[in-house]
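Working notes, beginning with the structure itself.
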Amino acid sequence: MIIAIDAGNTRIKWGAHDGTAWLAQGALPSTEAAGLAGLAAGWPDAARIVACNVAGEAVGEAIGAALAPRFAQPLWLRSSAGVCGVRNAYEQPEQLGADRWAALIGAHGLTTSACLVVCAGTATTVDWLDAGGDFLGGLIMPGVDLMRASLARNTAQLPLAEGEFRSAPRTTMDAIVSGCLYAQIGAIERMFCALADQPGAICLLTGGAAQRIAPHLNIPCQQVENLILDGLVRFGTSQ
């Protein structure tokens, strides 16, 4: 049994995997990491904890403390030059976010084709993984909701928009929501051009905003519910 924990900027996602399938999954706010203690009461004593953390040192320490009464410290995934058949072309491999690294590991376990790995959460990351398992580089930009919030916070006349996506928006609310989504879509599709001519090339899309982005992409795309957790399980199984 592996318990995978992904500590993100907004939420801590977790899942219990028996080596074949997910038995349970859930999430809680990153500010409430201590709540993992109650969840852990239902996990088998022999479970192995595998985790990644981009929410900061304090959250990582809170996760360790919440699990300490019953479990050893988590096996923390940290970015490296290579693991699980994935090789990291970052100029300084250790600077790649651990969540992006986990998603790339998960993606390499799902497809043998070149793929664009998109994690759409608080931030949106768009990473290029070739068919041989080489991570060639990627993008980081504000996520959909962060873009909306930035407009509301830094302009005098624009609200926190609750509009709808329109191809030709005719209200300010729709214009903001559509503009933020178009920014995401445009970056993803532009990045996909680099691998579009490769056999079976696909975009793997995960994260809280994936359902808002996916319907508007004009590229081969597959939504994966918890790609980061998949990568953590794959990493934990290899150790």
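Residues: numbered from 1 along the sequence shown.
When all heavy atoms of Cys84 and Ile105 are compared, the closest pair comes out as CB-CG2, 3.8 Å. The minimum heavy-atom distance between Val59 and Ala7, with the atom names listed, is CG1-CB, 4.2 Å. Looking at every heavy atom in both residues, Ala214 comes nearest to Leu205 through CB-CD2, 3.6 Å. In terms of heavy atoms, Glu164 sits closest to Asp174 at N-OD1, 2.7 Å. Shortest non-hydrogen contact noted between Gly200 and Ser113 is O-CB, 3.3 Å. Taking each heavy atom of Ala187 and Met141 in turn, the nearest pair found is CB-CE, 3.6 Å.
In terms of hydrophobic clustering, with Ile, Leu, Val, Met, Phe, Trp and Tyr side chains grouped at heavy-atom distances under 4.5 Å, Ile219 and Trp128 are assigned to a common cluster. A continuous path of hydrophobic side-chain contacts links Leu139 to Leu136 [ILVMFWY only; heavy atoms under 4.5 Å]. Under a hydrophobic-cluster definition in which Ile, Leu, Val, Met, Phe, Trp and Tyr are linked whenever side-chain heavy atoms come within less than 4.5 Å, directly or via other members, Leu232 and Val224 are assigned to the same cluster. Phe235 and Trp14 end up in different hydrophobic clusters when Ile, Leu, Val, Met, Phe, Trp and Tyr side chains are linked at under 4.5 Å. At a threshold of 4.5 Å between side-chain heavy atoms, the hydrophobic network of Ile, Leu, Val, Met, Phe, Trp and Tyr places Ile140 and Val144 in two separate groups.
Counting only distance, with no hydrogens or angles, the side chain of Ser30 and the backbone of Arg11 share a donor-acceptor pair below 3.5 Å. For Arg87 (side chain) and Gly82 (main-chain N/O), no donor-acceptor pair under 3.5 Å exists by modelled atom type. Side-chain atoms of Arg70 come within 3.5 Å of backbone atoms of Ala40 as a donor-acceptor pair (strictly under, hydrogens ignored). Proximity of a side-chain donor or acceptor of Asp134 to a complementary backbone N or O of Asp130 within less than 3.5 Å is not detected. Counting only distance, with no hydrogens or angles, the side chain of Asn88 and the backbone of Pro93 share a donor-acceptor pair below 3.5 Å. Between the Ser178 side chain and the Arg166 main chain, a donor and an acceptor come within less than 3.5 Å of each other. Checking side-chain atoms of Asp18 against main-chain N and O of Thr20 turns up a donor-acceptor pair under 3.5 Å. The closest donor-acceptor contact from the side chain of Ser79 to the backbone of Leu96 lies under 3.5 Å. At distances below 3.5 Å, not a single donor-acceptor pair connects side-chain atoms of Arg48 with backbone N or O atoms of Ile3. Counting only distance, with no hydrogens or angles, the side chain of Gln223 and the backbone of Thr206 share no donor-acceptor pair below 3.5 Å.
Counting only heavy atoms from C-beta outward, the side chains of Tyr182 and Ser167 approach each other to under 4.5 Å. Residues Arg100 and Tyr90 have side chains in contact (heavy-atom distance under 4.5 Å, counting atoms from C-beta outward). Residues Val177 and Met173 form no side-chain contact, since every pair of their non-hydrogen atoms from C-beta on lies 4.5 Å or further apart. Side-chain contact between Cys203 and Ile188 is present, with at least one heavy-atom pair separated by less than 4.5 Å. With contacts defined as side-chain heavy-atom distances shorter than 4.5 Å, the pair Leu36/Leu39 qualifies. Proximity of Trp43 to Met1: side-chain heavy atoms (C-beta onward) are nowhere separated by under 4.5 Å.
Relative ring orientation between His17 and Trp22 is described as perpendicular, the plane-to-plane angle rising above 60° on a 0-90° scale split at 30° and 60°.
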Run the side chain to side chain contact (heavy atoms under 4.5 Å, CB included) check on Arg234 and His108 step by step: do they pass?
CA-CA 10 Å; Arg234 193 161 179 257; His108 194 54; 3.9 Å; yes
With side chain to side chain contact (heavy atoms under 4.5 Å, CB included) as the test, would you mind laying out the steps for Thr111 and Leu129 before giving the verdict?
CA-CA 10 Å; Thr111 180; Leu129 185 68; over 6 Å; no
With side chain to side chain contact (heavy atoms under 4.5 Å, CB included) as the test, would you mind laying out the steps for Leu229 and Val233 before giving the verdict?
CA-CA 6 Å; Leu229 296 183; Val233 169; 5.7 Å; no
Hey, mind stepping through Trp76 and Ile63 against side chain to side chain contact (heavy atoms under 4.5 Å, CB included) and telling me if it holds?
CA-CA 11 Å; Trp76 291 102; Ile63 290 171; 4.3 Å; yes
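Of the inter-residue distances, the one linking Ile49 atom CD1 with Phe71 atom CZ reads 5.0 Å to the nearest 0.5 angstrom. Here SG of Cys180 is found 9.5 Å from CG of Leu146. Values are rounded to the nearest 0.5 Å. Distance check, rounded to the nearest 0.5 Å: CG of Asp230 to CG of Leu204 gives 10.5 Å. Rounding to the nearest 0.5 angstrom, the gap separating the NZ atom in Lys13 from the CG atom in Asp99 is 8.0 Å. One distance of note links CG of Leu116 with SG of Cys193; it measures 10.0 Å at 0.5 Å rounding. In this structure, CD1 in Ile12 is found 9.0 Å from CG in Asp6, a value given to the nearest 0.5 Å.
Other residues, nucleotides and ligands place more than 12 heavy atoms under 6.0 Å from the CZ atom of Arg153. Counting heavy atoms of neighbouring residues, nucleotides and ligands inside a 6.0 Å radius, atom CD of Glu91 does not exceed 12 of them. Atom CD of Gln211 has 12 or fewer neighbouring heavy atoms from other residues, nucleotides or ligands inside a 6.0 Å radius.
Between the side chains of Thr124 and Gln184, a donor-acceptor pair is found at a separation under 3.5 Å.
Put simply, the residue from Ile228, Val50, Leu67 that forms a side chain to side chain contact (heavy atoms under 4.5 Å, CB included) with Ile5 is Leu67.
Note on Asp145 versus Arg212: salt bridge recorded, some NZ/NE/NH1/NH2 to OD/OE distance being below 4.0 Å.
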